[in-house]
Amino acid sequence: MNSSGPRFRFAPSPTGYFHVGGARTALFNWALATSTGGTFVLRIEDTDEARNRPEWTDGILSALEWLGIDSSSPTFEGPYFQSSYADEHLRAADRLFENGYAYYCEMSPDDIAQRAKAEGVTGYNGWSRDLGLEPGPGRVLRFKVPEGSTIVRDQVRGDVEFDHSVIEDFVLVRSNGTPVFNLANVVDDMSMGITNVIRAEEHLPNTPKQQMIWTALDREPPVWGHVPVLVNEQRKKLSKRRDKVALEQYRDEGILSDAMVNYLMTLGWSAGDDREILPWDEITSLFALGDVNLSPAFFDVKKLAAFNGEYIRMMSEDEFAAACDPWLPDDWDRATFAAIAPHVQPRLVTFSEVSGVVDFIFNGVEYDEASWDKVMTTDVAAPLLDESILRYSAVDNWQADNLKAILEHIMEPFGLKLGKAQAPVRVAVTGRTVGPPLFESLEVIGQSETLSRLRHARGRIST
RNA sequence: GCCCCCAUCGUCUAGCGGCCUAGGACAUCACCCUUUCAAGGUGACGGCACGGGUUCGAAUCCCGUUGGGGGUGCCA
């Protein structure tokens, strides 16, 4: 265990996907661990058997790796599994009981509800506190919340005070003998030497309870930091049911990890100047909890996309072509794609769009009827195509600039501008009205295929 | 209900008592460029929730109101 620097931790519970909010929390911890020369500890909180599947862990690891949180880095430690520390949790529970910080209670949730209703109170009211019950089947262990208040010193929000009168005697060990989150979480943090707990704001109300456990166990609580949650358009906490929260989904749609990381880091935090697109190293050196905003931030997919476009445009031609590769069908010729790639690069927001932009090159034409109706029904379409077929047949220098010059020559008698004149050719060859630059596309498609498409389209015009 | 947190353009944010006529980015709109669509360039639109204080001076400090969020489990 590396104890030379601060020890941060990321403690997700395993689920079938990796939440973008969790990604941000992980990133915050990772940035801090890196910049302080500390350690990032990964602990899988798998105590709830209902959600404990081994393959989920691989998902967490690969998601972290995608984010640049490298499990083979010396800064990284783990993964640890909470479930394998159950004995320690229970030992701590015993200590708490023996030292008078906790007591056993045999009331069931139903009992509590009934009695609370009868007495007109909201929750558990410490009814078994002084019964002196010994451990036994069906009994839970509860923490005896003392009089007074707890002040949580939070690096993001400052001091937050909780009056103990509003904190009920919470459960530490279930009636089936298993430890509850608040206990397990604290005991693990203690045994793993965690010094800094940085997590989402939803944990803030747990913090006084956890801090009481730390104190009762005679240990100095860690430094806390609660960052605001991520919300949807309705300003509700991002949820799996309503919202697109799976990191994997964004990855599969062709969001670059660098763009995702950059976007997530600048959600609720800024470098302090007017820049938002920043390399990770700079983010790391600048990031500070005190600069994190205090209000929930809307996870805006549109802005994420804008970041992604930005990152795509920053790539070199080679990087871009390589990045496109997984999104292209296997039988598409890569050299052909590379020839057109520089022209698709500024037109992409996500990589999942790439094949749709250049498919006409590889798959042949499929006419978009709206496009066809728009340009092929004009008087000039047929004669323009006739001329193009004639002139392009005679070309022996099949290059974009030459093809452009020829069309410009053809269009003169028609009194058209290039924008109008290229339209019929574009629809004939690509099937659509929009796409990559036309003459460059023709060059890549080649002379005979271009001519064949031109002739086919000409034949389709009824006149 | 109770507890806690929060409050600058539609959104993400800069601002930490005078540099603010409130800056940037996304989105939207217009124009320029142009080989369609993008990209790029220029510009426009648009905000300190409200009310009291404190101060010579408040987006910045204090209080209240309103609004939003989180929590209130033998989930994590």
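Every chain is numbered from 1, with letters handed out A, B, ... down the list of sequences. This structure is a prediction, so every number in the text was calculated from the model and none was measured.
Between W127(A) and Y124(A), the ring planes lie perpendicular to each other; the angle is over 60°, past the 30° to 60° tilted range. Relative ring orientation between F10(A) and F18(A) is described as tilted, the plane-to-plane angle lying within the 30° to 60° band.
Judged as a salt bridge (Lys or Arg N to Asp or Glu O under 4.0 Å), and not counting sequence neighbours, K209(A) has no contacts.
The aromatic ring centroids of F28(A) and F287(A) lie less than 6.0 Å from each other. Between H89(A) and F181(A), the gap from one ring centroid to the other reaches at least 6.0 Å. Aromatic ring centres of F351(A) and Y250(A): separated by at least 6.0 Å. The distance between the ring centers of F307(A) and Y263(A) falls below 6.0 angstrom.
Counting non-hydrogen atoms under 4.0 angstrom, G272(A) reaches the backbone sugars and phosphates but no base.
If you check rA39(B), rA76(B), rC74(B) against the side chain of R142(A), the one that comes closest is rC74(B). Relative to the side chain of R313(A), the nucleotides rU35(B), rC74(B), rG40(B) differ in distance, and rG40(B) lies closest.
Base pairing of rA27(B) is not made with any nucleotide, judged by Watson-Crick or G-U wobble geometry with both donor-acceptor distances under 3.5 Å. Using Watson-Crick or G-U wobble geometry with both donor-acceptor distances under 3.5 Å, rC2(B) finds its partner in rG71(B).
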For nucleotides 25-28 of chain B, list the nitrogen or oxygen atoms of the protein found under 3.5 Å from its nitrogen or oxygen atoms, one pair per line.
from: rA25(B); atom 1: O2'; to: E276(A); atom 2: OE1; distance (Å): 2.3
from: rA25(B); atom 1: N3; to: K303(A); atom 2: NZ; distance (Å): 2.9

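A distance-only check finds a donor-acceptor pair linking the side chain of R95(A) to the backbone of L217(A) [under 3.5 Å]. Side-chain atoms of E106(A) do not come within 3.5 Å of backbone N or O of G138(A) as any donor-acceptor pair.
At a non-hydrogen distance threshold of 4.0 Å, T433(A), V434(A), G435(A), P436(A), P437(A), L438(A), F439(A), E440(A) from residues 428-444 of chain A come into contact with RNA chain B. For the contact set between residues 103-114 of chain A and RNA chain B, defined by any heavy atom under 4.0 Å, the members are M107(A), S108(A), P109(A). Of the residues in residues 342-379 of chain A, those placing a heavy atom less than 4.0 Å from an atom of RNA chain B are P346(A), R347(A), in numerical order.
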Set out, in order, the CA-CA distance, both residues' side-chain angles and the distance that settles salt bridge (Lys or Arg N to Asp or Glu O under 4.0 Å) for E233(A) and K244(A), then state yes or no.
CA-CA 12 Å; E233(A) 215 151 4; K244(A) 203 167 110 183; over 6 Å; no
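The phosphate of rG69(B) has OP1 or OP2 within less than 4.0 Å of a side-chain N or O from K236(A).
Taking 4.0 Å as the cut-off between side-chain N and carboxylate O, R432(A) and E366(A) do not count as a salt-bridged pair. Looking at R9(A) and E45(A), no side-chain N of the basic residue comes within less than 4.0 Å of a carboxylate O on the acidic one, giving no salt bridge. Looking at D273(A) and R275(A), a side-chain N of the basic residue comes within less than 4.0 Å of a carboxylate O on the acidic one, giving a salt bridge. Taking a cutoff of 4.0 Å between a charged side-chain nitrogen and a carboxylate oxygen, D189(A) and R43(A) qualify as a salt bridge. In summary, D169(A) and K144(A) do not engage in a salt bridge, as defined by a charged side-chain N under 4.0 Å from a carboxylate O.
Side-chain polar atoms of R199(A) and N206(A) form no donor-acceptor pair below 3.5 angstrom.
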Nucleotide-resolved protein contact map, nucleotides 4-9 of chain B, B/S/- at heavy-atom distance under 4.0 Å
SSSS--
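Residue S175(A) places a side-chain atom within donor-acceptor reach of the base of rC74(B), judged by atom type and a 3.5 Å distance cut-off alone.
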